[in-house]
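Each chain gets a letter, A, B and so on, in the order its sequence line appears, and its residues count up from 1.
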Amino acid sequence: MPNLRISGLKVGYGRATVIENLALSVASGELVTVLGANGAGKTTLLNGIMGLAPPRAGSILMEDQELIGLRPEQLVALGVVLVPERRELFGNLTVEVNLRLGGYRTGAPSKSLDRIYSLFPILAERRRQKAATLSGGEQQMLAVGRALMSGPRLLMLDEPSIGLAPLIVQEILRVIGQLKADGLTIILVEQNARLALSMADRGYVLEVGRIVLEGPSGSLSADPRLSQAYLGGAADYAAARDQVYVD
Amino acid sequence: MLDTLSFLLIDGITNGAVYGLLALSLIVIYTVTRVVNIAQGEYVTLGALSFASALSGSFNLLSGLVAAGLAAFALRDVADKHLGASARIRVLLIRSAWIAGVLATAFAASRFPGSYWLAVLASLAATASLGTLTYRLTVEPVSGASPVVLLIVSVGVYMVLHGAAVLIWGAEPRSVPPVVEGGVSLGPVFIAYQSLWICGIAVLAMGGLYAFSERTLMGQALQATAVNRVGAQLCGIPVRLAGQLSFAIGAGFSALSGLLLAPLITANYDMGLPIGLKGFVAAALGGIVEYPTALIGVMLVGLTESFSAFQVSAFRDVIVFLMVIPILLWRNAVRPPEAHEH
């Protein structure tokens, strides 16, 4: 059962360090949300775990196995799977082929395919269509479905609600709720804090690469510092401006 | 007049079939790895020369070198500290079988000189494996580099392979027998059986590649890697393996065209480059990404070549390579280059 423990994590691109000395843990079967404003480093954190942006320091342990240094395909084989914000679908391949490729490691058995189709019936209707012709919401469902095809044990979702109509968001959330009920361990990265906290067991709030707040969803929702973290830059700016005027 | 015309047509189509195999090689390699492979023609040379030496009963030195290279990478991969015990054994078994295959076909071909299909097998095993070695040695270490860097690397590979061909086989051209001697007369026109073989095998190979990439999960994974590398990684597709596979297919197809063409023009160390570059001109019509357009391109190049050879033979290559200018202008008009794809 996945039990993820991250400590001292440092991830960046090129010369820039985006997150530094980050600690985070996820218990088995837990839904943990990572919140924060744009540019806080949420996506970088997920890319670091997934090996797409190889971490420069720290440790990521899953059941005492070190994940740093593994290639993405090795992580997928261990059950660590990411649904990226950009979805990264294969636009000119059909819905069904996209899903089958999600199950590449396991030979894409039709049993898992049927499960995805029962989870997202609209994908079954669109199975012969090219992925690029789907609507944004359907593409998001396809991205989640493709990730589920590999039989994940730790599912990471990067802003699954972004840019989608409320009705579609409801649909995606329904499935996430169902996966959680089935006992899947999930990390949900969101900008929509209220939405995420309504589902999550616990949450972390990220601000410019550091965790500034963490705790159970209930107490986080009530914490005034949560909205401050989102408006953090603006608050600093306001304080600085006031100071200038006072001077 | 009519018989000249039909002779030139058949000649052009045969050329087109050869360039077709080249164009497919270039496209498979470019779409999966972003390498514009200048060295592509060298696999034509090495395929033809390996084939010639296997047919004459001497052990193909290239097979030995390739086996040694494969063994070196196998040792490195088996020693990977992230591998589990069962995965380690699997890697060891697969690699051993692979190396044994390359050596066994080479030995068998040298034991039975003159057996045509054994020599074909030995030549293809050596060159396709050389393709994977080229990928691991020269592309993998700089994967993620810009296409220009990858292009320059392939120029270096061209120089090395070109030199290696001279070192191993010398500068003397070797004559190679056709699959079947003779030909068939259609009225006033004589068609060599070899031309028919070339066209037939080219069509088979293309059909095989199409079936592989449409019908098998591994073929689809190769397409997926070409479409979206990050997406492929997230699906657990080993993109390094996809890169190796694309180079194996590319090298194998080019070698196939070399050993089929050798009976018509003799096998020699210098045969590859012009063929490779003409494959490029044809593939450029499809932006080195579209198979169907590239196939129109190869027929265009093949026919232009045979007709210009007849009219103004001294300018044959000039005319063929000049075609790249209208092709690029046309391409630019139909499909303007995107600013920069992700």
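Two residues are said to be in side-chain contact when any heavy atoms from C-beta on lie closer than 4.5 Å; B/L234 and A/V81 fail this criterion. Residues A/L101 and B/L217 are in side-chain contact: their nearest non-hydrogen atoms beyond the backbone lie under 4.5 Å apart.
Across A/L93 and B/Q220, no two heavy atoms sit closer than the pair CD1-O, 4.3 Å. Contact between A/R71 and B/D80 at its shortest, heavy atoms only, is NH1-OD2, 4.3 Å. When all heavy atoms are compared, the tightest approach of A/Y104 to B/P238 is CE2-CD, 3.5 Å. Residues A/V76 and B/Q233 come closest through the heavy atom pair CG2-O, 4.0 Å.
Only the side chain of A/R146 comes within contact range of chain B, with heavy atoms under 4.5 Å apart. Proximity to chain B is limited to the side chain of A/Q74, based on heavy atoms less than 4.5 angstrom apart. Proximity to chain B is limited to the side chain of A/L52, based on heavy atoms less than 4.5 angstrom apart. Neither the backbone nor the side chain of B/R229 comes within less than 4.5 Å of any heavy atom of chain A.
The most heavy-atom pairs under 4.5 Å with chain B, out of A/G69, A/G51, A/G91, come from A/G69. Between chain B and the residues A/V80, A/V97, A/N98, the largest count of heavy-atom pairs under 4.5 Å involves A/V97. Interface summary for chain A: among B/A232, B/A224, B/A221, the most heavy-atom pairs under 4.5 angstrom belong to B/A224.
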Trace of the side-chain contact (heavy atoms from CB on, under 4.5 Å) decision for A/L89 with B/N228: CA-CA 7 Å; A/L89 297 171; B/N228 187 334; 6.0 Å; no
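Taken from CD in A/E73 to SG in B/C235, the straight-line distance is 12.0 Å, to the nearest 0.5 Å.
No more than 12 heavy atoms of other residues, nucleotides or ligands sit less than 6.0 Å from atom CZ of B/R90.
Between B/V230 and the options A/E88, A/R86, A/M50, a side-chain contact (heavy atoms from CB on, under 4.5 Å) holds for only A/E88.
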